[in-house]
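Okay, so here's the structure we're looking at.
So you know, we letter chains A, B, ... as the sequences are listed, proteins then strands, and number each from 1.
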Amino acid sequence: MAGGGRPINVLNVAEKPSVAKSVAGILSKNQGLRIREGRSRYNKIYEFNYSIRGQPCHMLMTSVTGHLMELDFDERYRKWHSCDPADLYHAPVRKHVPEDKKDIKKTLEEEARRCQWLVLWLDCDREGENIAFEVIEVCRAVNCHLVLRRARFSALIDREIHQAVQNLVDPNQWFADAVDARQEIDLRIGASFTRFQTMLLKNFHIDSVTDDRNLVLSYGPCQFPTLGFVVERYWEIQAHESEEFWTINCSHKSEEGTATFSWMRGHLFDYTSAVIIYEMCVQEPTATVTKVRQQEKLKYPPYPLSTIELEKRASRYFRMSSEHTMKVAEDLYQAGFISYPRTETDSFSSGTNLHGIVQEQIGHPDWGPYAQRLLDHAAGLWRNPGSGGHDDKAHPPIHPTKFSSGESRWSQDHCKLYELVVRHFLACVSQPAVGAETIVEINIAGEVFSTSGRVILAKNYLDVYRFESWGGLVIPTYVHGQQFIPTTLTLDSGVTRPPPLLSEADLLSCMDKAGIGTDATMHDHIKKLLDRFYAIKDANTRFAPTNIGEALVMGYDDMGYELWKPNLRSMMESDMKEVSVGNKSKADVLANCLQQMKACFLDARLKKVKLLEAMGIFFERSGGEDQQAAGEVVRQCGICQESNMVLKKSRDGNLMVGCLAFPQCRNAVWLPGSVSEAAVTTNTCNSCTPGPVYLIQFKFRQHEIPPGFNVNHLGCIGGCDETLRQLIEICGTGSRIPARGRGPTASSNNGQQSNHRQRACIYCQQMGHSSSDCPSQFSGSRNARANGMNPQSGESSIQCTTCGTPCVLRTANTANNRGRKFYSCSSQECNFFVWEDDAKNGTRRMPQAGVSGSASNPSQRGGRSRGGQSRGHNTGMTFVSATGDPISGRRCYVCGEPSHFANACPNRGS
DNA sequence: GCAAGGTC
């Protein structure tokens with residue numbers, strides 16, 4: 001470049017007005033800086049002189065506001081009925097400047113005409129590069145001699161900006177191409193599926209949920225996976241079958257206080273085994289302290305604040321929606337109080353003046369003293385912030401940029417969000433909290449229990465980050481070998497609970513993990529679900545699908561498509577990545593992706609009946625076809641208390657008793673899948689309330705029920721009918737809900753199962769069958785050897801078939817099995833158990849995960865999930881009698897009655 | 001009347 005010479009005119013364009021202002025301020029050092037209005041209200045023009053590598057320049061700096069152009073179909077295809085939606089996969093598209101951006105375009109044209117150079121200061125990401133080419137297109141159209149240069153910068157700090165302008169590069173066409181491809185795919189898929197499903201389903205009466213307006217059932221590659229997360233969790237909850245479990249709790253009270261010990265086995269799903277172990281503990285209740293471990297624990301402050309973290313934390317701490325959070329954050333940013341709020345970056349670059357940011361806050365009445373302490377070297381509170389490992393190279397983490405102790409025009413939410421940003425920043429540059437943790441383990445009759453206590457030694461960052469706490473529980477002092485008698489030792493029962501509905505923070509995490517949306521758009525997709533009536537947010541700010549949302553996902557799921565899962569977006573995203581590094585061409589990716597999506601679209605259209613059926617479950621359709629006949633009344637609905645529950649056949653042909661107020665009331669009792677006929681009788685149940693509950697005459701399909709059950713059964717759905725309950729447990733119901741579990745729950749089950757199959761049988765070391773099916777296990781003498789039993793000595797040398805650890809021979813002490821010997825695994829992590837006589841007789845069966853009592857094979861049970869604390873925790877115990885039949889009939893071990901369990905026994909403790 | 005991505 002020639003040094004000196006006549007000044008040239010350089011047009012500089014930033015992605016947004018604030019960047020134009022900052023860059024102009026930095027380059028001009030605020031000297032000789034002139035500001036004038038452009039055609040657009042927001043996009044000012046800054047003028048100053050500058051020298052680029054010795055070339056004097058008259059700099060004109062202005063901005064766009066994000067994308068200057070939009071992609072749309074040619075006019076002829078824009079009307080919904082103008083073409084077959086399938087045509088939208090090849091209909092011509094064009095980029096154009098929309099009406100509300102015309103004034104910006106005009107400014108660019110006017111200024112570009114009198115410039116020699118165009119320097120692009122767009123954000124340094126793919127979208128920024130694409131906007132750069134939009135600006136180029138507009139400017140080149142009026143001045144084809146323009147020299148095009150790109151400024152690369154990662155932060156709005158002096159050093160970066162001066163370096164960028166002295167080292168201008170070429171714009172990156174690959175980056176821009178990737179975005180072009182993404183836009184075109186999004187448009188074609190979105191428009192085709194939206195038109196298709198909106199027009200297909202327009203005859204369903206969904207007005208009750210949505211006001212009276214014309215409803216658009218939109219489809220988008222981001223909004224649908226977001227909906228998918230909500231529906232999937234909802235189905236997981238629906239598929240959950242609560243299961244009773246048992247656990248032993250122990251407490252010890254001393255002068256120093258009380259310690260509560262929890263059982264290392266967690267909890268068992270088998271009552272009998274829990275009782276056997278419990279009784280052994282009660283008989284020899286002396287506890288011996290076997291381990292006392294003390295250690296220092298650190299709790300680290302959070303990483304610097306990214307957009308997603310800001311949204312998640314505002315939702316968690318203040319219950320603010322992500323959309324509202326971004327609105328308030330934008331306000332604070334516009335007014336200069338916080339840095340740019342749309343950032344993926346969660347680490348500060350090395351040049352950042354962190355002390356300066358803290359310094360600004362020392363005057364605040366609440367957190368000022370803490371800020372002061374941070375700056376006091378002697379206090380030792382300062383720590384350089386950690387890095388979360390993300391850097392979008394465009395913006396720093398969100399941090400305060402101007403001190404405020406609250407502005408008069410701020411709403412409460414403005415105050416809260418500013419406080420969060422400040423306290424989060426101060427926390428980031430603070431030492432972690434320090435605690436002393438003590439873990440104590442005790443042994444009672446061979447069972448291990450543990451407890452832990454924690455004392456906080458130094459709160460450090462927790463002093464300023466009031467949103468987080470660290471529970472500190474003080475326990476009495478114990479020494480190794482110490483013995484004591486527990487104050488309480490109880491056998492307690494509980495039931496497993498399903499996981500909760502997704503919170504907004506959960507949803508953001510799901511999207512983040514799957515790469516759905518960007519930090520700037522994720523809240524939009526969540527809001528779209530609400531706007532389209534696909535989901536609702538309840539009082540606890542948790543998301544549940546509406547009937548429309550569920551029906552749409554169900555329809556595509558029934559087609560066998562994963563259009564509602566994040567995979568499609570992930571694939572697109574990886575293709576975009578390939579385009580942006582030049583490994584694939586835009587044209588190839590577009591052709592390939594659109595061809596596949598068109599085939600998918602055409603196939604989905606062929607299977608449109610699935611969508612119609614799914615909608616038909618929830619909504620009535622005009623025209624009267626497919627109306628379900630009202631069935632016979634069984635009882636009044638106990639949920640809505642307004643309508644009757646009637647016996648009906650679902651669309652799939654499965655029998656159920658459902659509330660007539662459906663879909664407003666969704667109370668339903670699904671009947672066993674093995675029912676072939678059912679009719680409501682005039683007989684009523686004597687025990688179920690509120691009555692009357694009419695009995696139903698059932699007929700079961702012989703081959704679908706276990707031996708011992710009668711094909712004809714006069715049953716009650718009120719809850720008293722043990723036969724019905726057992727058949728539901730064994731055969732499952734015709735409910736569509738459990739079958740839905742083939743989402744994450746079932747696939748992980750399947751995964752486990754197939755892994756299992758790959759393993760060699762532990763008896764004969766052969767592949768192809770599991771140990772539970774091992775043919776070698778069905779003959780007595782071979783069996784004993786194979787098990788490692790030593791028939792001569794009679795001593796225990798059996799190995800646990802679950803984990804391989806040697807078993808211990810123990811004696812049962814229950815009313816029903818007193819004196820009977822059994823083997824139990826000596827590992828505390830494992831719950832393997834078998835009666836000694838069963839092992840000898842060869843009638844032993846392998847424990848199967850999740851099976852207890854009369855339950856069927858878990859692989860047949862679809863989406864069964866054990867939620868809450870018990871998720872993923874199976875005892876693996878099966879009790880079988882000498883005949884190989886499951887031991888049934890759980891009884892209270894105190895009085896022997898089958899009507900209740902020990903925890904509810906009236907004789908207990910007497 | 002349709003997407004998602006910028007930003008005001």
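Counting non-hydrogen atoms under 4.0 angstrom, Thr65(A) reaches a base of the nucleic acid. Counting any heavy atom pair closer than 4.0 Å across all strands shown, Lys327(A) reaches no nucleic acid atom. Within 4.0 Å of Tyr77(A), counting heavy atoms only, lies no atom of the nucleic acid at all. Among the protein residues, Pro17(A) comes within range of the sugar-phosphate backbone only, with heavy atoms under 4.0 Å from sugar or phosphate atoms but none that close to a base. When heavy atoms are screened at a 4.0 angstrom cut-off, Asp123(A) is found touching the sugar-phosphate backbone but no base atom. Across all strands shown, Tyr219(A) has heavy atoms under 4.0 Å from sugar-phosphate atoms exclusively, and none from any base. Residue Gly128(A) is classed as having no contact, given no heavy-atom separation below 4.0 Å to the nucleic acid. Using a 4.0 Å heavy-atom cutoff across all strands shown, Arg126(A) reaches no nucleic acid atom at all. Nucleic acid contact for Leu71(A): base, since at least one base atom lies under 4.0 Å from a heavy atom of the residue. Across all strands, Arg182(A) comes closer than 4.0 Å to base atoms (heavy-atom distances). Thr198(A) comes within 4.0 angstrom of a nucleotide base, judged by non-hydrogen atoms across all strands. At a threshold of 4.0 angstrom between heavy atoms, the contacts of Gln183(A) include nucleobase atoms, whether or not backbone atoms are also involved. Residue contacts shown for Asp72(A) include a base, since a base heavy atom lies under 4.0 Å away.
Heavy-atom distances to DNA chain B give each of Val64(A) and Leu187(A) a nearest nucleotide, and the one nearer the 5′ end belongs to Leu187(A). In terms of position along DNA chain B, the nucleotide closest to Trp80(A) lies nearer the 5' end than the nucleotide closest to the other residue of the pair Asp519(A) and Trp80(A).
Where DNA chain B meets chain A (any atom under 4.0 Å from a heavy atom), the bounding nucleotides read 5' to 3' are dG1(B) to dC8(B).
For Phe348(A) and Phe425(A), the gap between ring centers is short of 6.0 Å.
Taking Phe133(A) as the reference, nothing meets the ring pair (Phe, Tyr, Trp, His ring centres under 6.0 Å) condition, with sequence neighbours excluded. His523(A) is linked by a ring pair (Phe, Tyr, Trp, His ring centres under 6.0 Å) to nothing, counting only residues two or more places apart in sequence or in another chain. Applying the salt bridge (Lys or Arg N to Asp or Glu O under 4.0 Å) criterion to Arg34(A), with sequence neighbours excluded, gives no partner residue.
Note on residues 324-334 of chain A: pairs passing salt bridge (charged side-chain N to carboxylate O under 4.0 Å, His left out), not counting sequence neighbours, are Glu323(A)-Lys327(A), Glu330(A)-Arg342(A). Every pair tested for ring pair (Phe, Tyr, Trp, His ring centres under 6.0 Å) that includes a residue from residues 60-83 of chain A fails, sequence neighbours excluded, so the list is empty.
Using a 4.0 Å cut-off between charged nitrogen and carboxylate oxygen, Asp72(A) and Arg78(A) count as a salt-bridge pair.
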